[in-house]
Amino acid sequence: MITEREFLERARLDRRTLSVWIEEEWLIPARTSDEFAFTDMDLARANLIRDLKDNMGVNHEGLGVVLHLLDQMHALRRALAAALESAHERRPSSEQ
Amino acid sequence: MKDPYETLGVAKKASADEIRSAYRKLAKKLHPDLNPGDKQAEERFKEIAAANDLISDPEKRRRFDAGEIDASGAEKAPPNARYYRDYAAAGGHPYEGQSAYGDFAQGDDLFAELLRRSAEQARRRPGADLHYELPVDFLDAVNGATRTITLPQGGTLDVTIPAGVEDGQTLRLRAKGAPSPGEGPPGDALVQIVVKPHRFFTREGADILLDLPITVKEAALGAEVRTPTTTGNVMLKIPKRSNTGDVLRLRGKGVKARGGAGDERVKLKVMMPTEAEPELDAFLADWKPAGTYDPRKEM
């Protein structure tokens with residue numbers, strides 16, 4: 001788990017920007033009693049958001065759309081991978 | 001490393017705006033997170049990022065154009081940077097989206113069944129294991145103790161240190177790790193023990209080692225001397241004519257382990273007086289050993 005202070009430093013963010021990103025649900029960190037607790041995944045996602053905003057010119061409005069579509073795509077890829085794996089498992093028994 | 005202008009597909013005389021726009025165009029196409037299935041995207045993205053890094057900075061660009069630095073001089077991508085796609089590939093995280101295939105999952109065919117099963121798996125995934133390091137006093141490691149860790153994210157963790165725990169050993173506290181992202185069980189807390197050194201004890205397996213300084217008189221005539229063990233002082237019998245380096249064994253005074261306890265091995269160290277002792281000097285000056293006393297006869 002990464003503390004908020006460490007996260008800000010490693011993601012090169014200021015506190016205000018972070019709170020906007022959390023409010024927009026671009027980042028969904030875990031919460032402990034009175035503080036946020038971030039994961040390595042949150043950090044990778046923050047880097048992606050920065051790449052999209054700073055290097056690719058995706059604006060504030062577009063970012064939510066991009067992230068949403070990306071997450072849909074990952075879910076689909078995972079579903080497809082699970083389906084393929086299951087199909088592989090079935091194949092040997094049907095050939096016997 | 002290729003020529004950065006070639007990598008970005010711009011002319012040597014390209015303006016800063018042209019470079020910026022060329023980089024953006026390529027970044028949008030090649031960013032690893034926008035190409036989760038393309039293993040080469042990461043390499044290509046790093047190349048254009050490095051190229052952009054070099055020639056978007058006027059000073060670096062001037063030095064590169066002047067031949068002062070080569071194209072690889074700008075490689076700045078951290079070696080182990082992980083992209084979002086590396087995490088998103090696994091399920092059971094808060095960013096998971098299902099609306100893209102929710103309609104497929106409603107049906108009763110094979111695909112719907114597979115989707116439901118993988119969603120169920122993700123929901124039951126346990127939380128992550130959390131790692132901690134716990135410094136422990138030497139004697140607590142030998143005798144066992146209870147310690148409380150204050151966690152960085154708040155809260156505390158009670159750790160029972162078993163007697164005889166070794167430096168570097170890891171204790172697993174079931175269900176004390178991160179909570180599950182779904183409805184699975186929490187992960188475990190893994191506490192690595194770091195044993196702090198002691199002022200005079202050291203440890204070798206189940207044995208405790210101690211260097212015990214003794215006086216010339218105790219060494220020559222024998223004596224009973226107070227000797228520290230990990231559970232308090234005991235009286236140790238020093239035989240007559242003991243020497244520096246002689247090892248005496250206190251049975252069972254070592255670390256308690258399964259199948260009995262180790263020993264404490266006491267290594268004697270004869271100490272000459274540090275202040276002037278005229279009587280001792282006078283005696284030794286007159287002293288004629290009775291036997292063949294030559295400590296260097298083996299040399």
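Ranked by heavy-atom pairs under 4.5 Å with chain B, the list Arg77(A), Glu4(A), Glu25(A), Arg45(A) is led by Arg45(A). Comparing Leu67(A), Leu27(A), Leu80(A) by how many heavy-atom pairs each has under 4.5 Å with chain B, the most go to Leu27(A).
Around atom CD of Glu9(A), no more than 12 heavy atoms belonging to other residues, nucleotides or ligands sit under 6.0 Å away. The 12-atom threshold is not exceeded at NZ of Lys25(B), counting heavy atoms of other residues, nucleotides or ligands nearer than 6.0 Å.
Of all the heavy atoms in Ile49(A) and Trp26(A), the pair that sits closest is CD1-CB, 3.7 Å. Nearest heavy atoms, Arg78(A) versus Ala88(B): NH1-O, 3.1 Å. Pairing each heavy atom of Ala46(A) with each of Ala11(A), the nearest pair is CB-CB, 4.1 Å. Residues Pro4(B) and Leu54(B) approach most closely at CG-CD2, 3.7 Å, considering heavy atoms.
For the 3.5 Å distance criterion, the side chains of Tyr83(B) and Asn35(B) fail to qualify, holding no donor opposite an acceptor. When only modelled atom types and interatomic distance are considered, Tyr23(B) and Asp53(B) share no side-chain donor-acceptor pair under 3.5 Å.
Residue contact with chain B, scored on non-hydrogen atoms closer than 4.5 Å, is absent for Leu69(A). When heavy atoms are compared at a cutoff of 4.5 Å, Asn47(A) does not approach chain B at all. Proximity to chain B involves both the backbone and the side chain of Ile28(A), based on heavy atoms less than 4.5 angstrom apart.
Listed by chain and number, the residues in a salt bridge (charged side-chain N to carboxylate O under 4.0 Å, His left out) with Asp137(B) are Lys196(B) (sequence neighbours excluded).
The stretch residues 26-33 of chain B places Ala27(B), Lys28(B), His31(B), Asp33(B) near chain A, each with some heavy atom under 4.5 Å from a heavy atom of that chain. Within residues 7-17 of chain B, no residue has any heavy atom less than 4.5 Å from a heavy atom of chain A.
The main-chain N or O of Gly164(B) is found under 3.5 Å from a side-chain atom of Arg203(B) such that the two form a donor-acceptor pair. The backbone N or O of Gly187(B) lies less than 3.5 Å from no partner atom in the side chain of Asp129(B), so there is not a single donor-acceptor pair.
Listed by first then second residue, pairs satisfying salt bridge (charged side-chain N to carboxylate O under 4.0 Å, His left out) with a partner in residues 158-167 of chain B number zero, not counting sequence neighbours.
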